[in-house]
Amino acid sequence: MEFLQELNKPQLEAATHINGPMMVIAGAGSGKTRVLTYRIAHLIKNGVDPFNIISLTFTNKAAREMKTRISDIIGENEGRNIWMGTFHSIFSRILRIEAEKLNYPSNFTIYDTQDTKSLIKSIIKELGIDEKVYKVGMVYGRISGAKNNLISAVNYATNPEIQEEDKRTGKPEIGRIYKAYVQRCFRSGAMDFDDLLFNTNVLLRDFPEVLVKYQHKFKYILVDEYQDTNFSQYLIIKQLAAAHENICVVGDDAQSIYSFRGANIQNILNFQKDYPDFKIYKLEQNYRSSKTIVEAANNVIANNKEQIPKEVWTSNEEGEKIKLQRSLSDNDEGVFVANEIFNLKNNKQLSNDKFAILYRTNAQSRSFEEALRRLNLAYKIYGGQSFYQRKEIKNLLAYFRLAANNNDEEALKRVINYPARGIGKTSLDKLTIAANENSTSLWEVIKSPSKFGLKFNSGTLNKFESFYSMIRSFSVRLDSNDAYDLAKEMAKTTGILKELGGDKTPEGISRFENIQELLNGIKEFSDSDGDGDLKKLSDFLIDVALLTDADADDDSEPKVSLMTIHAAKGLEFPVVFLVGLEENLFPSQLSLNSRADLEEERRLFYVAITRAEKTLVLSYAQTRFRWGNLIQCEPSRFVDEIDAQFLEFPSKTTEPKRKAFSFDQERINFSSTGKSTSQNPNLKPVRKLKTSPPSNFESDDASLIATGMEVMHEKFGKGKVIATEGESPNKKATVFFPRVGHKQLLLRFAKVKILN
DNA sequence: TGCCCGGGTGTTTTT
DNA sequence: CACCCGGGCA
């Protein structure tokens, strides 16, 4: 097993651990994927059947990469038998096998975020609940959070604490919406993302024989990115592992960045409780980055209070300093980065794929796209609006979905009048009401409206009838037709091709091309793997909701990668531009009210820095367009947390040519003085220039603040203290602001003044 | 029923 | 600024 020789001591120990529970705490860049892959290879070489291994990853991309790497060692035939994928894809697979136990069809639809929100929205309307108070996103968040903690709709509505909480925040109807939502999904034969995990839990809980079956199958369990699992996922793992306890989890608490999605670091602590005789391995040597980058990252993360002690180090060379770049505006930032890539490419003979631009929010990509395009640099955006989420694509997919699962309400609503066939809102409302009253699906009502006491004029009835029979004609061919043949015909028969083909605007042409691209993709699917089986459209459709753009990589030419930091997790690049490092953007404005949120932002910053191998550029802009307004920005506090010895302040020449503002002059003078303090001197002039709002806002001493007081907050205005909690410096206050509602404030950070 | 216009509203992050 | 939604009109 010569492959094991490439490992260092702790890596080797972890990779050759065979039986019993184990946890690997792996610092950034310490080779955890390598350990996981080699461990799997080692298991197989030691007689473990690949069929008995399940390996859960965070993204499909990570899964595929690992699969390739394992196949390289043990051969593809063995490798393909390992169950490897995301929680969502693996458990949707199991749910399809076991669906009937839960009274679901095995071809259930997976609702993506759009479908879910659209359904919640209709429910809120139908129930006559105020949409202004019950914002769809917020309701979805509550329902999702409940599901991730395995709180069913019934539990939710009967749990006194939750009801109390919802009443206190003025939203007592969420339980009702949750109930209706679950019913509607069920009648539609649909599960949302959270259901895939929730229902797996139900399955394992209510059907002991199923649990035993999968416990027996998955004798060896591996979980990557364990710090980002939520309770629902945790419990699935725990149950599956209960029989053999051959469980291996790999994670890094410093890289936990998904708590907003219910991820819980607590799971790492639970691990020690659940498996007292577990073995722990710590990987602390970083192989990815230069000393400078590793130490800067250590600087940053040291500011977090809550973490498992570990010391990441590297024997790599010291490397370049981290460049700090200031631009006048968001557009200039784009130009700077594009120019810099252009130059580095030429000077160092690097291909495009060696570069990544990382940002906090998807909306920031625009200025970089424009600038890169102008220099003819090929780039690829990961995440954001994915191909499969585009309207035209979703519309065609909705026809496929509806053909495969006639009860899919969201699919039906999407296409029943697209292209326009004269079935409008009024008719649809009638149908919906009848479906609800009779606890059935829309489809059943359309099939025979009269059965449900509905009266329509004959023209409308004819329209229903022809829509119904068109869809049915597709449905009956699903099992006998080739995916591509059927898809192409559906695109034609439904009128989609004609509709889009007639639109000669640039957007229309692009939409048409997207449809063609989707059809091409299906063709590829049809032609793939010549094992003789018929490739069905329903098979193509199965996990389409779980696919993201990153899964459809085309490597025709090397491209610059643009993505959010969340999406960059697990990746590495020789050159990284970390952009938009401004207060209120990164850290996000919404994270400033609690220590936990701020620490998560800092971990995110840590993840971002540690993606870089050799060159790291930190960039911020002084002004930025937001909500259509030009706003002044100040540099992110995180930049200050890096010791100045690791930073380099670039010369003026890298800034795009344009009339300098007066403060630009100031910056040059300042840096030429060569003043060196322990902090970053170049940040200070900007700080002074902050124009909004003048910060003579003095906070009062936190210890004085008490329940009942009227206070003034710098951003939220006047408010009343409802409760306080803890002692300073960690004293928190719940304050009600008429303008923004209830807020939890950590008084150390919040700018609050006592009014009376 | 379908289209167009205007106002209101909103931004983390993802499977 | 962009998008979405609702209202009003053809």
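Order of the sequence lines fixes the chain letters, A, B, ..., with proteins taken first and strands second; residue numbering starts at 1 for each chain.
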Checklist line | Inter-nucleotide C1' distance (C:dC4, B:dT13), Å rounded | finding: 22 Å

Next item on the list: With heavy atoms under 4.0 Å as the rule, sort A:F625 into base, sugar-phosphate or nothing.
Entry: nothing

Checklist line | Donor + acceptor pair across side chains of A:E333, A:S619 (<3.5 Å) | finding: yes

Checklist line | Residue-phosphate contact under 4.0 Å: A:S427 side-chain N/O, B:dT1 OP1/OP2 | finding: yes

Margin query: So that I know where these two stand, are A:Y379 and A:F368 an aromatic pair - ring centroids less than 6.0 Å apart?
Written below: no

Item checked: Length of the line joining A:R624:CZ and C:dC1:C1', which is rounded to integer Å -> 14 Å

Item checked: Donor on one side chain, acceptor on other, A:S118 and A:E410, under 3.5 Å -> yes

Check: Under 4.5 Å between any side-chain heavy atoms of A:I509 and A:L500, yes or no?
Finding: no

Protein N or O to nucleotides 7-10 of chain B N or O, pairs below 3.5 Å:
unit_1: B:dG10; atom_1: OP1; unit_2: A:K135; atom_2: NZ; d: 2.7

Note to self: Is there a side-chain contact between A:N362 and the phosphate of B:dT14, meaning an N or O under 4.0 Å from OP1 or OP2?
What the structure shows: yes

Next item on the list: Give the rounded distance in Å between these two atoms: CD1 of A:I236 and P of B:dT15.
Entry: 17 Å

Next item on the list: Scan nucleotides 2-10 of chain C nucleotide by nucleotide, 5' to 3', and note B when protein non-hydrogen atoms come under 4.0 Å of the base, S if they reach only the sugar-phosphate, - if neither.
Entry: ---SS----

Next item on the list: Check whether any side-chain N or O of A:D332 sits under 3.5 Å from a backbone N or O of A:A621 as a donor-acceptor pair, and report yes or no.
Entry: no

Check: Within this structure, what is the CG-to-C1' distance between A:L598 and B:dT12, rounded to whole angstrom?
Finding: 14 Å

Next item on the list: Write down the distance between CZ (A:R626) and C1' (B:dT12), rounded to a whole number of angstrom.
Entry: 9 Å

Check: Going by distance alone, is a donor N or O of one side chain under 3.5 Å from an acceptor N or O of the other, for A:Q114 and A:R414?
Finding: yes

Notebook entry, point to check: Are any of the side-chain nitrogens in A:R637 or A:E641 under 4.0 Å away from the carboxylate oxygens of its partner?
Noted result: no

Next item on the list: Describe the nucleic acid contact of A:S591 in one word from base, sugar-phosphate, nothing, applying a heavy-atom distance below 4.0 Å.
Entry: nothing

Note to self: Mind checking if A:T426 touches a base, just sugar-phosphate, or nothing, with heavy atoms under 4.0 Å?
What the structure shows: sugar-phosphate

Next item on the list: Go through the structure and list residues passing side-chain hydrogen bond (donor to acceptor under 3.5 Å, both in side chains) with A:N148, not counting sequence neighbours.
Entry: A:N230

Next item on the list: Scan A:Y258 against the nucleic acid and name what it touches under 4.0 Å (heavy atoms): base, sugar-phosphate only, or nothing.
Entry: sugar-phosphate

Notebook entry, point to check: So which nucleotide from B:dT15, B:dT14, B:dT12 ends up closest to the side chain of A:H88?
Noted result: B:dT15

Notebook entry, point to check: Taking the side chain of A:T113 as heavy atoms from C-beta outward, which of B:dT15, B:dT12, B:dG2 is closest to it?
Noted result: B:dT15

Check: For A:K463 and B:dG2, what is the distance between atoms NZ and C1' respectively, to the nearest whole Å?
Finding: 12 Å

Notebook entry, point to check: Between A:T361 and A:L428, which has a closest nucleotide on DNA chain B that is more 5'?
Noted result: A:L428

Margin query: Without decimals, in angstroms, what is the distance between A:Q389 CD and B:dT14 P?
Written below: 10 Å

Notebook entry, point to check: Can you check the A:L604 CG to B:dT14 P distance for me, whole Å?
Noted result: 10 Å

Next item on the list: Decide if the gap between the ring center of A:F260 and the ring center of A:H566 is smaller than 6.0 angstrom.
Entry: yes

Note to self: Does a side-chain N or O of A:N417 approach OP1 or OP2 of B:dT1 to a distance below 4.0 Å, or not?
What the structure shows: no

Margin query: Looking only at side-chain N and O atoms, does A:Q364 offer a donor or acceptor that is under 3.5 Å from a partner on A:T361?
Written below: yes

Next item on the list: Starting at atom CG of A:L592, determine the distance to atom C1' of B:dT12, rounded to an integer number of angstrom.
Entry: 12 Å

